[in-house]
There are 2 protein chains.
Amino acid sequence: MTAGDTPEAIDRTLRVIGDRWSILIVRAALRGIRRFDDFCDDLGIARPILTQRLRRLVSNGVMIKVPYQEHPLRHEYRLTDAGIALSPVLVALVRWSEEHADGTPSPTALVHAPCGTELEQAFWCRRCRTTFGPAAIRGVERAAGDVGSSKDVPDGSPAH
Amino acid sequence: MTAGDTPEAIDRTLRVIGDRWSILIVRAALRGIRRFDDFCDDLGIARPILTQRLRRLVSNGVMIKVPYQEHPLRHEYRLTDAGIALSPVLVALVRWSEEHADGTPSPTALVHAPCGTELEQAFWCRRCRTTFGPAAIRGVERAAGDVGSSKDVPDGSPAH
């Protein structure tokens, strides 16, 4: 591989979640919202925009459309494993936007479910079993054997 | 405030780091790269694009341009506090790109400096003193008094 692979993967990621509505839709889904009308009410998003963004999130494997009622047929939207794996990106983006892009805190907070405390984000070392901040980050060349073992895109199975 | 504030703050964030080169420049800076030629070599980025992106990152308060030599005058680029605060976004974006956007691992890894173990990202509960994953996230309405206490944009002082 060459160093050029990473920029292209980032381009693909930005095409999936590089706009504000896609970010906010996935964040709302992470809070448990699943139905079209509930996304509309929660986000104040225009219905045609929501339709288009949900379609794109489904086609990119981030969400899956699942029937929840048969007469009449109704669908809801759930995050796939790949969608749930976006949570660190979304939480970090919204948090930085609130703190550094002249924003105000969102009217809803994401909390640790068992105790209701607002969550924080940390880097974690599996070996030392400790959290740490950006000051303790260092960059290293990867060993040749570690490069190229990319994972496949998940198959879009529901994961809620 | 209204729910509309958050989308606008996210738009501002995406204007700052919503393109692949800005993301990779800030990530390289997080690995300790500071000089124009070193960014060029590390990222394989064209010099005019690097010039333009560095200028924008400086004007947005994410990086600061600092002289490191007087004869002849030479500058280097350092992350500000706001730039360092982007690290959870960047780490999460690059990781998701590698794993879910059909990418391959970057040739450099970010590790926990004291032990050299590749870092992981986790949500952290200050009260329970535990890390947790997306399954333990819940959304709650913020109390009225908590909303509207946004922080100011940092003044761009060096933080390395």
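Note: hydrogens, waters and symmetry copies are ignored here, and every other heavy atom, side chains too, is used. Letters A, B, ... mirror the listed sequences (proteins, then strands); counts begin at 1.
A/Ile23 touches chain B through its side chain: at least one heavy atom from C-beta onward sits under 4.5 Å away, while N, CA, C and O do not. The parts of A/Ile137 that come within reach of chain B are both its backbone and its side chain, each placing non-hydrogen atoms under 4.5 angstrom from that chain.
In summary, the aromatic rings of B/His112 and A/Phe132 are positioned with their centroids under 6.0 Å apart.
To the nearest 0.5 Å, the span separating SG on B/Cys125 from CG on A/Leu119 amounts to 8.5 Å. Separating the CG atom in A/Asp11 from the OG atom in B/Ser97 is a distance of 9.0 Å, to the nearest 0.5 Å. Distance OG1/B/Thr131 to CH2/A/Trp124: 4.5 Å, rounded to 0.5 Å. The structure places NE2 of B/His100 at 9.5 Å from OG1 of A/Thr13, a figure rounded to the nearest 0.5 Å.
Cluster membership for A/Leu90 and B/Val140, using ILVMFWY side-chain heavy atoms within less than 4.5 angstrom, is not shared. Cluster membership check: B/Leu50 does not share its hydrophobic cluster with B/Tyr68, using side-chain heavy-atom separations under 4.5 Å among Ile, Leu, Val, Met, Phe, Trp and Tyr.
Counting heavy-atom pairs under 4.5 Å between each of A/Thr117, A/Val111, A/Leu110 and chain B puts A/Val111 at the top. When A/Gly116, A/Ala28, A/Ala113, A/Pro88 are compared by the number of non-hydrogen pairs under 4.5 Å with chain B, A/Ala113 comes out ahead. Between chain B and the options A/Glu118, A/Arg95, A/Arg126, A/Arg15, heavy-atom pairs under 4.5 Å are most frequent for A/Arg126. If you tally non-hydrogen atom pairs under 4.5 Å between each of A/Gly133, A/Ala135, A/Ala85, A/Gly18 and chain B, the highest count goes to A/Ala85.
Inter-residue side-chain proximity for B/Glu120 and A/Phe123 is flagged as unmet; no heavy-atom pair is nearer than 4.5 Å. Using a 4.5 Å heavy-atom cutoff, the side chains of B/Gln121 and A/Gln121 are in contact. Within the 4.5 Å cutoff, no side-chain heavy atoms of A/Ile10 are placed close to those of B/Leu93.
Between A/Arg142 and B/Glu98 there is a salt bridge, with a side-chain nitrogen of the basic residue lying less than 4.0 Å from a carboxylate oxygen of the acidic one.
Under a cut-off of 6.0 angstrom, the local environment of CD in A/Glu70 is sparse, with at most 12 non-hydrogen atoms contributed by other residues, nucleotides or ligands.
Under the 3.5 Å distance criterion, the side-chain polar atoms of B/Trp96 are matched with a main-chain donor or acceptor of A/Ala82.
Across every non-hydrogen atom of A/Ser87 and B/Pro134, the tightest pair is OG-CG, 3.2 Å.
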